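In what follows, chains are A, B, ... by sequence order, proteins preceding strands, each numbered from 1. It should be emphasised that the depicted structure is a prediction, and the values quoted were computed from it without experimental measurement.
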Number of protein chains: 2
Amino acid sequence: MTVDKAALLEARGIKPSAQRVAIADYVLHTDEHPSADEVWARVKRVFPMVSRATVYNTLNLFVAKGLLRHLVLTEGRLVFDSNVDQHHHFIDEETGKIYDLPWDTLEVSRVEQLKGFEVRDYQVLVRGRKRPTRGAR
Amino acid sequence: MTVDKAALLEARGIKPSAQRVAIADYVLHTDEHPSADEVWARVKRVFPMVSRATVYNTLNLFVAKGLLRHLVLTEGRLVFDSNVDQHHHFIDEETGKIYDLPWDTLEVSRVEQLKGFEVRDYQVLVRGRKRPTRGAR
DNA sequence: TCTAATTTTAGACTATGTCTAAGAGGTGAC
DNA sequence: GTCACCTCTTAGACATAGTCTAAAATTAGA
Ligand SMILES: [Mn+2]
Ligand SMILES: [Mn+2]
Ligand SMILES: [Zn+2]
Ligand SMILES: [Zn+2]
């Protein structure tokens with residue numbers, strides 16, 4: 001797994017330092033939409049000496065290289081998303097958790113006809129409450 | 001205008017102090033989606049002694065009373081929206097400016113059928129570049 | 001091995017928002 | 001009109017998130 005990550009970073013022109021691989025190992029896998037400080041806390045469990053600056057630098061580097069997106073969806077939290085394909089988001093207003101909604105679960109009409117705006121990207125932002133999942137998880 | 005604003009505040013159970021009316025005079029009118037500090041800067045032009053805490057308190061009070069919404073759409077900026085009706089937003093990625101898109105310019109299908117989610121509210125978030133408006137403005 | 005470039009580090013700094021404690025202002029009882 | 005009480009405003013402290021800096025550590029190449 002760690003080897004795969006090193007190769008993936010190199011493919012994007014990123015030198016795979018131990019810190020960067022440790023960060024990649026968590027953040028490129030998760031569907032949790034973590035904040036930078038959540039990534040820091042998590043990575044410290046396996047790499048206690050890693051600094052806050054390195055985590056922030058690395059996350060911004062991953063965004064610049066297209067491995068991550070960052071989203072600003074909830075108050076005071078810049079959040080990282082390992083799903084770089086187009087998709088929508090659901091925000092649970094009680095827990096603050098962010099869930100991915102696959103692109104084709106929703107359909108938006110007339111976006112391309114917006115007068116006076118050159119559209120580069122769009123998504124639907126849904127807020128509400130996630131129903132408890134019975135059974136699995 | 002100021003008289004109207006005082007009456008509007010009273011109708012929502014807000015005592016119309018001079019500071020609150022001055023803040024309302026700007027923020028309940030504008031379509032600029034200003035941040036709290038932008039509101040502060042603006043209000044100081046007509047009310048130089050108003051404090052930062054009062055502006056923040058007042059904006060949060062207006063939100064609690066339903067006169068304003070706050071949006072978290074762009075990096076590091078909690079922004080206030082005097083349009084409390086349901087509508088979509090367009091974000092100009094060059095300027096950071098936020099534009100309202102009236103509710104019926106776009107249509108979203110299948111939101112209500114989302115499995116496992118209780119939907120309370122949604123909007124489409126469009127990013128891109130606003131085309132220069134020729135003619136007016 | 002020596003050198004130069006890159007990366008990491010701790011902590012300072014900035015920006016945005018909240019909280020606190022004191023004072024000012026308004027309102028009603030008398 | 002005075003007083004007491006309550007609300008509101010104020011300055012500044014505090015909190016949190018993110019960026020920047022300068023020095024140390026690491027890496028890679030000559
Ligand atoms: Mn963060
Ligand atoms: Mn602000
Ligand atoms: Zn996502
Ligand atoms: Zn709006």
If only side-chain N and O atoms of B:Asn60 are considered, is one of them under 4.0 Å from the OP1 or OP2 phosphate oxygen of C:dT18? yes
Indicate for each nucleotide in nucleotides 25-30 of chain D, in 5' to 3' sequence, whether protein heavy atoms under 4.0 Å reach the base (B), only the sugar-phosphate (S), or nothing (-). ------
The bend of the helix from C:dT1-D:dA30 to C:dC30-D:dG1, taken between the axes of its five terminal pairs at each end and rounded to 10°, is 10°
So, is B:Ser17 near the phosphate of C:dG26, with a side-chain N or O under 4.0 Å from OP1 or OP2? no
note: A:Ile23, atom CD1; C:dT9, atom C1'; distance rounded to Å ~ 13 Å
Can you measure from CG (B:Leu114) to NZ (A:Lys130) and round to the nearest 0.5 angstrom? 10.5 Å
side-chain hydrogen bond (donor to acceptor under 3.5 Å, both in side chains) against B:Ser109, all qualifying residues, sequence neighbours excluded: none
Give one of base, sugar-phosphate or nothing for A:Arg20, where a contact means two heavy atoms less than 4.0 Å apart. sugar-phosphate
Could you tell me how far apart B:Leu78 (CG) and C:dT18 (C1') are, to the nearest whole angstrom? 12 Å
Electrostatic pair B:Arg127:B:Asp92 at N-O distance under 4.0 angstrom: no
Strictly below 4.0 Å: does A:Tyr56 bring a side-chain N or O up to OP1 or OP2 of D:dG18? yes
Can you identify which nucleotide, out of D:dA11, D:dG18, D:dT9, has its nearest atom closest to the B:Thr58 side chain? D:dT9
Output the rounded distance in Å from CG (B:Leu61) to C1' (C:dT18). 16 Å
Output all residues satisfying ring pair (Phe, Tyr, Trp, His ring centres under 6.0 Å) with B:Phe90, sequence neighbours left out; order by chain, then residue number. A:Phe117
Taking side chain to side chain contact (heavy atoms under 4.5 Å, CB included) as the test, write out the residues that go with B:Lys15, two or more places apart. B:Arg20
Between P of C:dA15 and CD of B:Glu38, the distance in whole Å: 14 Å
Excluding sequence neighbours, so at least two apart, what forms side chain to side chain contact (heavy atoms under 4.5 Å, CB included) with A:Gln113? A:Arg110
Can you name the side chain to side chain contact (heavy atoms under 4.5 Å, CB included) partners of A:Arg42, sequence neighbours left out? A:Tyr26, A:Glu32, A:Arg45
Quick check for you: among D:dT10, C:dG11, D:dG18, whose closest atom lies nearest to any side-chain atom of A:Ala36? D:dG18
What's the closest nucleotide to the B:Gln19 side chain, out of D:dT10, C:dT7, D:dC20? D:dT10
Please report, rounded to the nearest Å, how far the P atom of D:dT10 is from the CZ atom of B:Phe47. 6 Å
Nearest to the side chain of A:Ala53 - D:dG12, D:dT9, C:dT9? C:dT9
Which nucleotide in D:dA17, D:dA11, C:dT9 has an atom nearest any side-chain atom of A:Asp37: D:dA17
Nearest whole Å is fine: how far is D:dT9 P from B:Lys44 NZ? 16 Å
Going by the rule side chain to side chain contact (heavy atoms under 4.5 Å, CB included), which residues pair with A:Glu118 if we only count those two or more places apart in sequence or in a different chain? A:Arg120, B:Arg129, B:Arg131
Without decimals, in angstroms, what is the distance between B:Asn57 CG and C:dT16 P? 18 Å
Which residues pass the ring pair (Phe, Tyr, Trp, His ring centres under 6.0 Å) test with A:His89, sequence neighbours left out? A:His33, A:His87
Ignoring backbone atoms, establish whether B:Thr54 has a side-chain N or O less than 4.0 Å from OP1 or OP2 of D:dT10. yes
Can you tell me how far C1' of C:dT18 sits from CH2 of B:Trp40, to the nearest Å? 14 Å
Compute the ring centroids of A:Phe80 and A:Trp40, then answer whether they are less than 6.0 Å apart. no
D:dA11, D:dT19, C:dG17: which one has an atom nearest the side-chain heavy atoms of B:Arg52? C:dG17
